[in-house]
K.L.:
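Below you'll find the structure I mean.
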Amino acid sequence: MADARHPPEVDRVAASQKAIAARRARASLKRDLMTRVATPQDVVRRAMDDAASAAGTMRITDFLTALPAIGEGKRDRILAELEISPVKRLGGLGVRQQRALAQWLDGRFPEPRPRAGRSRLLVLAGPTAVGKGTVAACVRQNHPEILLSVSATTRPPRPGEVDGEHYFFVDDAAFDRMVADSELLEHATVHNKYRYGTPRVPIERALAEGRTVLLEIDLQGARQVRAADASATLVFLLPPSWDELVHRLVGRGTEDEEERARRLRTAKVELAAQGEFDYRVVNDDVSRAAAEVAALAR
Ligand code: 5GP
C-alpha cells in the first residue's frame, strides 16, 4: 500500500506534471510583466485573489526583477526597504507587506486613471495582432449608432477586403494629395511599410450629428489624435497574455518570419506606451471586449 512518503508512480508523475505546468504558468506571467501585458498591480491582485495561482506562487524576487529597470541590486534594496524576506512568495505576504508593496508600486508604476469627462471620439489602439480589427468590427455590428471610421491606406487589399468598406485603397500620389490638402485627421507609416490615415470629414460630420466615432488606428495615430483633440478617449486593447499575442501573430500566417519578428518588436514598443491611454481593455473574448469598448462611448 502506498503511504504519503511513497506515493505510487502515477501520483508522482501527476505531481511532477503539475509542477511543470505551474512553472510554465509563472514563466508566462513573468513575460507578461516584462512586456507590460500585465501591470505589476494586476499580478499582485491576482496573487491576493488566489495564493495558489501562478501569481500567488511567484517568488517576490522573480516578481521584482521582471519589472522594468529593476536589477538584482535594486531588488534587494527594495525588499529591505519594504521589510519583505526574499524567500516570500507573492501570495504569502502579510497585510503590512501587501500594503507597503502596493504603495511602492503605485508610486513607481502608476496605473492609468480614467479622466473625468468622456469625448465621443474614441480611439482604439494596441499592439499588433491583438485583434483591434475584430473588436472594432464587432462594435460596428452590434452598435450601428457608432461610426467606425474607414481609413485610407497605400497597402494593397488582402483577399476579401472591399474598397470603401475595410479601407480606401489609394496609391502614394493620392495619399500625398490627401495629406497636402489636410484631409486627414492623422496619418502614419505603419510597420515601416505602408501609409495609413483617418479621413477628417466623415468624423467631423458624425460628431456634429452627436454620434460616437471609433477609430481603430496605430499608436502614432492615437498620439496625433490626442494632440489634435485633447478630450479624445484613448482605449488600449491588451492581449490576455504575451504568449497569446505571439500565438495569434504566428497563427494568422499572413506575415513571413522577418515581418513577424519586426511586428513583435513593434508590439513591445507599443505595449510600453499604454500609460498614455485612458482605459485598458483585455481582448480575452471578442464580444466581451467589444461591449466594454462600446460602453466607454456612452
Ligand atoms: P492592417 O494593414 O493589418 O490592416 O493594419 C496595420 C495597422 O495599421 C494596424 O495596427 C491598424 O490599427 C493601423 N491603422 C489602420 N488604419 C489606420 C489609420 O488610419 N491611421 C493609423 N495611424 N493607423 C492605422
Side-chain angles (χ1 to χ4, degrees), residues 121-140 146-172 174-179 181-204 206-207 213-229 232-239 245-246 248-256 258-274 276-277 281 283 286 289-290 293:
L121 181 56
L122 217 60
V123 178
L124 182 66
T128 180
V130 71
K132 281 172 292 180
T134 321
V135 169
C138 187
V139 171
R140 177 165 59 181
I146 298 176
L147 175 78
L148 178 60
S149 162
V150 178
S151 300
T153 183
T154 57
R155 165 169 81 63
R158 293 190 187 123
E161 284 184 333
V162 177
D163 187 41
E165 186 183 326
H166 298 95
Y167 283 105
F168 294 108
F169 296 100
V170 299
D171 60 16
D172 269 307
F175 201 95
D176 284 341
R177 189 194 52 71
M178 292 170 106
V179 174
D181 293 348
S182 301
E183 281 180 27
L184 301 176
L185 176 64
E186 61 73 39
H187 61 93
T189 302
V190 180
H191 302 308
N192 295 321
K193 248 184 153 174
Y194 298 112
R195 291 189 290 168
Y196 297 80
T198 305
R200 185 192 298 276
V201 171
I203 291 173
E204 287 177 349
L207 288 174
V213 178
L214 179 64
L215 310 186
E216 183 256 293
I217 58 179
D218 87 320
L219 176 64
Q220 311 166 69
R223 285 179 174 147
Q224 288 177 43
V225 173
R226 160 115 320 152
D229 178 352
T233 302
L234 267 49
V235 185
F236 197 86
L237 195 64
L238 283 162
L245 186 72
V246 175
R248 285 180 194 177
L249 195 64
V250 174
R252 190 155 81 176
T254 43
E255 291 85 18
D256 61 23
E258 195 187 321
E259 180 62 19
R260 274 206 297 270
R262 180 170 43 202
R263 288 190 175 213
L264 283 176
R265 277 198 301 277
T266 308
K268 280 192 184 153
V269 174
E270 288 174 328
L271 281 163
Q274 59 184 281
E276 298 168 35
F277 284 68
V281 171
N283 186 18
V286 173
V293 171

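Please read all numbers here as calculations on a predicted model, not as lab measurements. Order of listing sets the numbers, starting from 1, for every ligand and every atom in it.
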K.L.:
Main chain of Y167, side chain of E161: is a donor-acceptor contact present, judged purely on distance under 3.5 Å?
P.N.:
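Checked: no pair found.
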K.L.:
If you measure from each non-hydrogen atom of V190 to ligand 1, which part falls under 4.0 Å: side chain, backbone, both or neither?
P.N.:
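Side chain only; the backbone of V190 stays clear of ligand 1.
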K.L.:
Please could you name the atoms of ligand 1 that G221 approaches to less than 4.0 Å, counting only its heavy atoms?
P.N.:
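Close to G221: 22 (N).
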K.L.:
So is Y167 in contact with ligand 1, going by heavy-atom distances below 4.0 Å?
P.N.:
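In this structure, Y167 qualifies as a contact of ligand 1 - some heavy atom is under 4.0 Å.
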K.L.:
Test of understanding: given a 4.0 Å heavy-atom threshold, classify the contact between K132 and ligand 1 as side chain, backbone, both, or neither.
P.N.:
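Side chain only.
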K.L.:
Applying a 4.0 Å heavy-atom criterion (strictly less than), which segment of Q220 is in contact with ligand 1: side chain, backbone, both, or neither?
P.N.:
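The answer is neither; Q220 stays 4.0 Å or more away.
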K.L.:
Only heavy atoms of R155, strictly under 4.0 Å: list the atoms of ligand 1 that pass.
P.N.:
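Under 4.0 Å from R155, ligand 1 has these atoms: 1 (P), 2 (O), 4 (O).
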K.L.:
Can you list the steps and then say if D181 with R177 is a salt bridge (Lys or Arg N to Asp or Glu O under 4.0 Å)?
P.N.:
CA-CA 6 Å; D181 293 348; R177 189 194 52 71; 3.2 Å; yes
K.L.:
Give the atoms of ligand 1, by number and element, whose distance to some non-hydrogen atom of A188 is under 4.0 Å.
P.N.:
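Per the distance check, 22 (N).
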K.L.:
Between D172 and R195, is there a side-chain N and carboxylate O pair less than 4.0 Å apart?
P.N.:
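Answer for the salt bridge query: yes.
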K.L.:
With a 4.0 Å cut-off on N to O distance, would you call R140 and E216 a salt bridge?
P.N.:
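Salt bridge: no.
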K.L.:
Under 4.0 Å from a heavy atom of R158: which atoms of ligand 1 are those, numbered in the order shown and with their elements?
P.N.:
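The atoms of ligand 1 under 4.0 Å from a heavy atom of R158 are 1 (P), 2 (O), 3 (O), 4 (O).
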K.L.:
Quick check on contacts: which atoms of ligand 1 are under 4.0 angstrom from a heavy atom of D218?
P.N.:
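Near D218, meaning under 4.0 Å from one of its heavy atoms, ligand 1 has 12 (O), 13 (C), 21 (C), 22 (N), 23 (N), 24 (C).
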K.L.:
Out of L185, L148, L234, V235, which one pairs with L215 under the side-chain contact (heavy atoms from CB on, under 4.5 Å) rule?
P.N.:
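Among L185, L148, L234, V235, the one that satisfies the side-chain contact (heavy atoms from CB on, under 4.5 Å) with L215 is L185.
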K.L.:
Before you tell me yes or no, could you show the steps for E186 and I217 under side chain to side chain contact (heavy atoms under 4.5 Å, CB included), namely the whole-Å CA-CA distance, both residues' side-chain angles and the distance that decides it to 0.1 Å?
P.N.:
CA-CA 9 Å; E186 61 73 39; I217 58 179; 3.8 Å; yes
K.L.:
Would you say ligand 1 has an N or O under 3.5 Å from any N or O of H187?
P.N.:
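Min N/O separation from ligand 1 is not below 3.5 Å for H187.
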K.L.:
Considering both backbone and side-chain atoms of S151, is one of its nitrogen or oxygen atoms within less than 3.5 Å of a nitrogen or oxygen in ligand 1?
P.N.:
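Yes; the residue has a nitrogen or oxygen that sits under 3.5 Å from a nitrogen or oxygen of the ligand.
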K.L.:
Take every heavy atom of Q224, measure it against each atom of ligand 1, and state whether any distance is under 4.0 Å.
P.N.:
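The answer is no: ligand 1 sits nowhere under 4.0 Å from a heavy atom of Q224.
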K.L.:
Does D163 have any side chain to side chain contact (heavy atoms under 4.5 Å, CB included) partners at least two apart in sequence or in another chain, and if so, which?
P.N.:
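Result, side chain to side chain contact (heavy atoms under 4.5 Å, CB included) vs D163: F168, F169.
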K.L.:
Within the distance-only criterion (no hydrogens, no angle test), does the side chain of E276 pair as donor or acceptor with the backbone N or O of R223 below 3.5 angstrom?
P.N.:
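No; judged by distance alone, with no hydrogens or angles, the pair does not exist.
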K.L.:
Using heavy atoms and a threshold below 4.0 Å, how should the contact between E161 and ligand 1 be classified: side chain, backbone, both, or neither?
P.N.:
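The answer is neither.
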K.L.:
Geometry only, no angles: is G197 polar-contacting ligand 1 at N/O separations under 3.5 Å?
P.N.:
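Indeed, backbone or side chain, G197 has an N or O that close.
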K.L.:
Does a side-chain N-to-carboxylate-O contact under 4.0 Å join E259 and R263?
P.N.:
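Salt bridge: yes.
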